[in-house]
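In what follows, a single structure is set out as structure tokens and then discussed.
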There are 2 protein chains.
Amino acid sequence: MTIEDKRHLRSILTRQKLLEAAKEVFLQEGFQKATISQMIKKANIGYGTAYVHFEGKEDLLIVLMEDVMERFYEIAEISFLPKSKQEAEEIIYKQAHAFLTMAEAERAMMQVFEQAIGVSSFISDKWKAIREKFIQRISKDISFAQQNGLARAELNHKIVGRGWFFTNEMYLWEIVRNEHHASVEDVAKTITSVYTTGLYL
Amino acid sequence: MTIEDKRHLRSILTRQKLLEAAKEVFLQEGFQKATISQMIKKANIGYGTAYVHFEGKEDLLIVLMEDVMERFYEIAEISFLPKSKQEAEEIIYKQAHAFLTMAEAERAMMQVFEQAIGVSSFISDKWKAIREKFIQRISKDISFAQQNGLARAELNHKIVGRGWFFTNEMYLWEIVRNEHHASVEDVAKTITSVYTTGLYL
DNA sequence: TAATAATATTGACACGATGTCATATATAAA
DNA sequence: TTTATATATGACATCGTGTCAATATTATTA
């Protein structure tokens, strides 16, 4: 349709140049130190142009994070219908492992993201949505296991689910910061073992 | 000694006035929106004076947080020598409860602190020190329990300890943000139950 | 006591980042 | 070609920071 629209194409190109420049600057400087000036300079566009395409730094980062966030949602949506304690442990291990592996795979952008969470309530809300998605899923799974007599029914599934995700999340950030001293496998294996032994019958 | 030194007394008074004003501003505006200008205005002192007494916003907050941090260290130092699984659960519950109760008791300042952790690496390091103190203590306790045949020896005590603290810490921040929907007692009871069942024999 | 030294306070200033807006430029439509 | 519309631009106003030479206050010395 508007393939022939040079103006629109130019606009898209400008936007693209800015996004690429912004990514470079974010990775190099971190979220806080990154400035619009650095980005527009690197993209060879005018200062005001940045504000035509985005509302500011936060907006730019959110667009850059979108595919990473999408992958988190995919992990969160992994279905979970175990028939035994052992089967549960296997599935839970895989999910924890996949989750923590994301931290390693996307470390650079996640580092920027972590900084941004502390500064921008907009970005903080984005992460909160991911967190709630996971917790909702986990809690539902626990509930399912309880109904099937696999898990201790006396425990509040929401509280347990949050707690389990919290352990995973904090390990995620440690890995992102490169502050972990154990391998992703060992971490996933150990926390999963304590969790499933503590919850399942 | 220097009780007669009017200059020094005046200096201490100025510092005190600034600290009090800073606290008010921090609580009202949060860490990011709080400005030196607001503080010196409230304290009725000159702008440059603030920089004579403190290096900036971060420095001011750290001084204001010192007694709260001290109390965290006290909780972390609670000794832990259980003789049975049940005894362990009781002690661990108490510690978790005390930890989460701190969040409620110091909610206002902790909210400011949380924001500051995201922005200032200096303050972030302060919290990291508290975290490591807790984790070190917990890991040691696990190790002790393992040596006495109370806990599963095949688990890496450091990984388990970190994971356990992480659950507590995240619940702490939820409580600080007033985003929790379960009582401190229920949270402490539930996460302790899963943890001790998962770890102890 | 007066002069001098030491300490504490001050606000103007330079700097750097943000977001806006009137203007300029490039493209499309008439 | 002329007019209309979409994009791009950078100068500008605003705000917060941290510094520093100047000023005010208190102590010491002669």
Side-chain angles (χ1 to χ4, degrees), chain A residues 1-22 24-26 28-63 112 115-116 118-123, chain B residues 1-22 24-26 28-63 112 115-116 118-123:
Chain A
M1 11 177 147
T2 46
I3 298 174
E4 297 297 330
D5 191 333
K6 277 192 187 176
R7 283 194 302 210
H8 192 213
L9 282 177
R10 181 168 57 115
S11 166
I12 289 174
L13 186 67
T14 302
R15 191 188 139 100
Q16 204 52 39
K17 280 195 294 180
L18 179 55
L19 275 172
E20 280 161 25
E24 284 179 44
V25 174
F26 276 137
Q28 203 166 7
E29 306 286 337
F31 183 74
Q32 310 191 56
K33 289 191 178 175
T35 67
I36 300 291
S37 299
Q38 289 172 300
M39 298 172 185
I40 59 106
K41 195 179 163 189
K42 191 159 265 184
N44 273 312
I45 62 175
Y47 187 87
T49 312
Y51 288 89
V52 171
H53 293 273
F54 302 93
E55 285 174 21
K57 254 164 70 171
E58 302 182 8
D59 196 20
L60 269 157
L61 183 61
I62 284 180
V63 174
V112 180
Q115 278 188 48
V119 183
S120 147
S121 63
F122 196 37
I123 291 177
Chain B
M1 16 180 142
T2 47
I3 297 174
E4 297 296 331
D5 191 334
K6 277 191 186 176
R7 284 193 301 210
H8 192 214
L9 282 177
R10 180 166 57 117
S11 168
I12 288 175
L13 186 67
T14 303
R15 191 188 141 97
Q16 204 51 40
K17 279 194 295 180
L18 179 54
L19 274 172
E20 280 161 25
E24 284 178 43
V25 174
F26 276 137
Q28 203 167 8
E29 305 287 337
F31 183 75
Q32 311 191 55
K33 288 191 179 175
T35 67
I36 299 291
S37 299
Q38 288 171 301
M39 297 172 185
I40 59 106
K41 196 179 163 189
K42 190 158 269 185
N44 274 312
I45 61 175
Y47 187 85
T49 312
Y51 287 90
V52 170
H53 293 274
F54 301 92
E55 286 174 21
K57 254 163 69 172
E58 302 182 8
D59 196 20
L60 270 157
L61 182 61
I62 284 180
V63 174
V112 179
Q115 278 188 49
V119 183
S120 147
S121 63
F122 196 37
I123 290 177

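Numbers restart at 1 for each chain; the letters A, B, ... are given by sequence-line order, proteins then strands. Bear in mind that the values here come from a model prediction, so they are computed numbers and not experimental data. All values below come from the heavy atoms of this structure, side chains included, with hydrogens, waters and symmetry mates left out.
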Keeping the roles fixed (side chain from A:Ser11, backbone from A:Arg7), state whether a donor-acceptor pair exists under 3.5 Å.
no

Between the base of C:dT7 and the side chain of B:Arg7, is one N or O donor paired with an acceptor at under 3.5 angstrom?
no

Show the nearest heavy-atom pair for residues B:Ala116 and B:Ile123, with the distance to one decimal.
CB-CD1, 3.6 Å

Looking only at D:dT26, C:dT9, C:dT18, the nucleotide nearest the B:Ser11 side chain is C:dT9

Could you tell me how far apart A:Lys33 (NZ) and C:dC15 (P) are, to the nearest whole angstrom?
20 Å

Does B:Ser37 place a side-chain N or O at less than 4.0 Å from the phosphate oxygens OP1/OP2 of D:dC15?
no

Can a side chain N or O of A:Tyr51 be found less than 4.0 Å away from OP1 or OP2 on C:dG19?
yes

Whole angstroms only, please: what is the NZ-P distance between A:Lys6 and C:dA26?
12 Å

B:Gln32 CD to C:dA17 P, in whole Å, measures 18 Å

Validation row: B:Val112, B:Leu61 side chains within 4.5 angstrom (heavy atoms)
yes

B:Met39 CE to D:dC15 P, straight-line distance once rounded to whole Å
18 Å

Spacing between B:Lys41 atom NZ and D:dC15 atom C1', to the nearest angstrom
14 Å

Taking C:dT10, C:dA17, C:dA28 as options, the one with an atom nearest any side-chain atom of A:Asp5 is C:dA28

Between atom OH in A:Tyr47 and atom C1' in D:dA11, what is the gap in whole Å?
12 Å

Which whole-number value in Å describes the distance from B:Phe54 CZ to D:dT17 P?
15 Å

OP1, OP2 of C:dT9 versus side-chain N and O of B:His53: anything below 4.0 Å?
yes

Once you round it to whole Å, what is the distance between C1' of C:dT18 and CD of A:Glu58?
12 Å

Just checking A:Thr49: base, sugar-phosphate only, or nothing, at a heavy-atom cut-off of under 4.0 Å?
base

B:Arg15 side chain reached by B:Val63 side chain, heavy atoms, under 4.5 Å
yes

At under 4.0 Å, does any side-chain N or O of A:Thr14 touch on OP1 or OP2 of D:dT7?
no

Minimum heavy-atom separation for B:Gly56 and B:Ile36, please, with both atom names.
C-CD1, 4.4 Å

